[in-house]
Amino acid sequence: METESEPYVRLASLRQLHEVMADMNTARSLADTLQTVADGVITALGFELACVNLVRPDGDLVVAALSGNSAAEALITGRVGSRDSWDRRLNMGEKWGDLVFIPHTEGWVLDDDDVPQWYTDGPAPRFEDEWHPSDRLFAPMYTPGISGSSCGELLGVISVDRPRNGRHPGAWGREALQMYAFQAAIAISNARLRANMQRALVRLERDQQALRASEESFRQAFEYAPSGMAIAEMGGDQHGRILRTNDALCRLLGRPASAMRRYSFSDLVHPEDIGTLLRTSAEGGRAELRLGRRDGTYVWVSLRNSVVADAADGPRFLLTHVEDIEERKRRELQLAHRASHDSLTGLPNSAELRSRLASRLCRRADIDGLESLDAAYGHPAYDANGHGFDFAGTTASYDGYDHHVHTVAPEEGRDDGAKGLAVLFCDLDGFKSINDRFGHNAGDAVLIEVARRLSRGVRDGDTVARLGGDEFVILADGLGKADAQDLAVRLRNEIIQPIRAEGRAVRVGASFGIGWAHCGMTADEVLKSADERMYVEKRSRPKQHRRAG
């Protein structure tokens, strides 16, 4: 992430951040979870040094895990800092949301307290946001609440040092670190909860006396767990039926405990997620899916199964842990949307446009492969839409394209009613003069209004994207040549209407080039073809007619 340029963030970086957060929930023990948290900061957040300080039962904080420097790890792991010293640190400096940043100009007052530290040397900052070796950045972790929000009790602190890009984190980097600390707190709480339950299960297997003694402990851990818990039947005709739920799960789904006993999780899961549920193995299975609330809405949860075994009869019940991840999913969707959409107009950006266009086009090599199947069978193995024919009981298939509908462009010079995927390349006329005369705020207002008018003028399912600057692209499937021409005329007539910008009415014109996508072309080739046709259309009209007023 150190090479990212905000506010644009690569999807690969988002996937990496998602993967390290998922890894925190798959660690086998609390110690593994803590080390995974520290390692994830180095892997996905762009820092060279990370330390996890965990609150002990007596309130002091111990260095539980460190990543990024073996010498520092050997020196300070296991050392303890007093709670008073940590409270002083967390109440100093600048507040970046839940994060605490103490610049080097203030941090000198902490040099003599008892918090274990690792000192690094380096020159003074050369510019305002350059990281100084004595800068400190802390991400507090709080115990999670029922609905996924922090309930205020400090669980630990992640401290980070030495950003790889040498700069203070920007808005996205801060949000990512804050979100990471939020998920780390959940993972640590869950690891502790799983450890407690595992110890309870060991005692259950020893003898009846230990069973009776641990029932109350298990009941309290189950009933008062901050996240949802359920016990379901395992095996037999009633496999998966919910037997018991805790208050947290009932509140999460808005359903009383008596009603929950009438369901299994397969009855509650979103129809699109039923396959995910079925693929989740009973023993140690984990899935992220949506469960239905009583009001008809759905909530994203992380569902994990553990087997409650009977010493004589084997597995008897499933203990299911249900964690509310709605907030995390919302943030992931927001981050993904920012990476794939233009920040000014809200339209899909150039990368998203190319992705959508490329998804409709199979490669030239795939078409060649289909032709080789034709030769092998002695007649066409696929019809014009890419559907396989059956030959003597054998269905032809090729690299998953047996259900691919080939995109075919209408023939050049003919208008026989054939329909295809039209690509309309739009370039605004007279936009530069608005920027020059009235400023970039006026120009931005024009671009926002043009984007709105284009989106309003197309059908549901069509794509309107901003390629960059004053260039827009429309993908419209199922159009003939006359339809595409009519669409371009309608959109041009919409655009040339006066636009209010910075308190004045301005006008821009628009030149459209219509290209056609077909399999065997790349997305760039399709866009280049439409771009070239746009310039032909622009040059064919007198300059004074390109913009109305």
Side-chain angles (χ1 to χ4, degrees), residues 1-4 12-13 16-56 60-82 85-86 89-90 99-104 107-108 110-125 130-141 155-169 173-174 176-178 180-181 183-185 187-188 191-192 195:
M1 285 174 56
E2 68 277 10
T3 60
E4 301 297 319
S13 297
Q16 188 178 47
L17 179 60
H18 173 74
E19 289 169 1
V20 298
M21 289 195 296
D23 289 343
M24 292 189 297
N25 292 299
T26 59
R28 293 180 175 273
S29 65
L30 177 60
D32 288 344
T33 299
L34 294 169
Q35 190 60 52
T36 302
V37 169
D39 294 341
V41 175
I42 307 302
T43 302
L45 295 181
F47 296 92
E48 295 180 1
L49 192 67
C51 179
V52 179
N53 304 273
L54 193 65
V55 175
R56 302 194 310 179
D60 292 340
L61 279 75
V62 61
V63 178
L66 191 144
S67 184
N69 188 304
S70 57
E73 181 178 2
L75 180 66
I76 66 175
T77 299
R79 292 178 58 189
V80 177
S82 68
S85 296
W86 271 107
R89 287 168 178 249
L90 296 181
L99 307 180
V100 177
F101 174 70
I102 302 177
H104 65 281
W108 62 271
L110 303 173
D111 289 343
D112 295 327
D113 67 13
D114 62 355
V115 173
Q117 303 179 80
W118 176 257
Y119 294 91
T120 57
D121 297 323
E130 184 176 19
W131 185 270
H132 187 274
S134 295
D135 286 342
R136 295 174 171 89
L137 180 56
F138 303 117
M141 298 179 291
L155 179 66
V157 180
I158 300 174
S159 57
V160 298
D161 195 11
R162 300 206 301 259
R164 292 195 183 97
N165 63 4
R167 295 177 179 270
H168 297 164
R174 298 175 189 180
L177 178 58
Q178 183 172 307
Y180 186 86
Q183 294 301 319
I188 293 171
R192 285 177 165 174

- Considering non-hydrogen atoms only, spot the tightest contact between Arg174 and Pro169 and give its length. NE-O, 3.0 Å

- Exercise: identify the closest heavy-atom pair between Val80 and Arg56: CG2-NH1, 3.5 Å

- Query: Roughly how far, to the nearest 0.5 Å, is the CZ atom of Arg164 from the CD1 atom of Ile42?
  - Reply: 6.0 Å

- Task: Quick one: closest heavy-atom pair of Gln117 and Ile76, and the distance?
- Result: O-CG2, 3.8 Å

- Query: Between atom CH2 of Trp131 and atom CG of Asp161, what is the distance when rounded to the nearest 0.5 Å?
  - Reply: 6.0 Å

- Roughly how far apart are Leu66 CG and Asp39 CG, rounded to 0.5 Å? 9.5 Å

- Taking all heavy atoms of Ala64 and all of Leu34, pick out the closest pair and write down the distance. CB-CD1, 3.7 Å

- Note on the structure: So side chain to side chain donor-acceptor pair (under 3.5 Å) across residues 69-78, not counting sequence neighbours, yields none

- Verify side-chain contact (heavy atoms from CB on, under 4.5 Å) between Gln35 and Ser67, making sure each step is shown before the conclusion. CA-CA 8 Å; Gln35 190 60 52; Ser67 184; 4.1 Å; yes

- Apply ring-ring contact (aromatic ring centres under 6.0 Å, His included) to Phe47 and list each qualifying residue two or more places apart in sequence or on a separate chain. none

- Query: Between CD1 of Ile188 and CG of Leu155, what distance do you get to the nearest 0.5 Å?
  - Reply: 5.0 Å

- Note on the structure: Minimal heavy-atom distance between Ala50 and Ala38, with the atoms involved, is CB-O, 3.7 Å

- Note on the structure: Sorted by chain and residue number, the salt bridge (charged side-chain N to carboxylate O under 4.0 Å, His left out) partners of Arg192 (sequence neighbours excluded) come out as none

- Task: Take Leu137 and Leu177, measure what side-chain contact (heavy atoms from CB on, under 4.5 Å) needs, and give me the verdict at the end.
- Result: CA-CA 10 Å; Leu137 180 56; Leu177 178 58; 3.8 Å; yes

- Item | Nearest-0.5 Å distance, CG of residue Asn165 to CD of residue Glu130 | 10.5 Å

- Query: What residues form a side chain to side chain donor-acceptor pair (under 3.5 Å) with Ser85, not counting sequence neighbours?
  - Reply: Ser82, Asp114

- Item | Atom pair CZ/CD1 of Arg89 and Ile102 - distance to nearest 0.5 Å | 6.5 Å

- Task: Would you name the heavy atoms of Val37 and Tyr180 that are closest together and state the gap between them?
- Result: O-OH, 2.7 Å

- Task: May I have the step-by-step check of side-chain contact (heavy atoms from CB on, under 4.5 Å) for Phe138 and Asn53, ending in yes or no?
- Result: CA-CA 10 Å; Phe138 303 117; Asn53 304 273; 5.9 Å; no

- Task: Only counting residues at least two apart or in another chain, list the ones meeting side-chain contact (heavy atoms from CB on, under 4.5 Å) with Pro103.
- Result: Glu94, Phe101, Thr105, Glu106, Asp135

- Message: Restricting to ring-ring contact (aromatic ring centres under 6.0 Å, His included), what partner residues turn up for His132, sequence neighbours left out?
- Response: His104

- Item | Asp60 side chain to Trp86 side chain, donor-acceptor N/O pair below 3.5 angstrom | no

- Task: Determine whether Met141 and Val52 make a side-chain contact, defined as any pair of heavy atoms from C-beta on separated by less than 4.5 Å.
- Result: yes

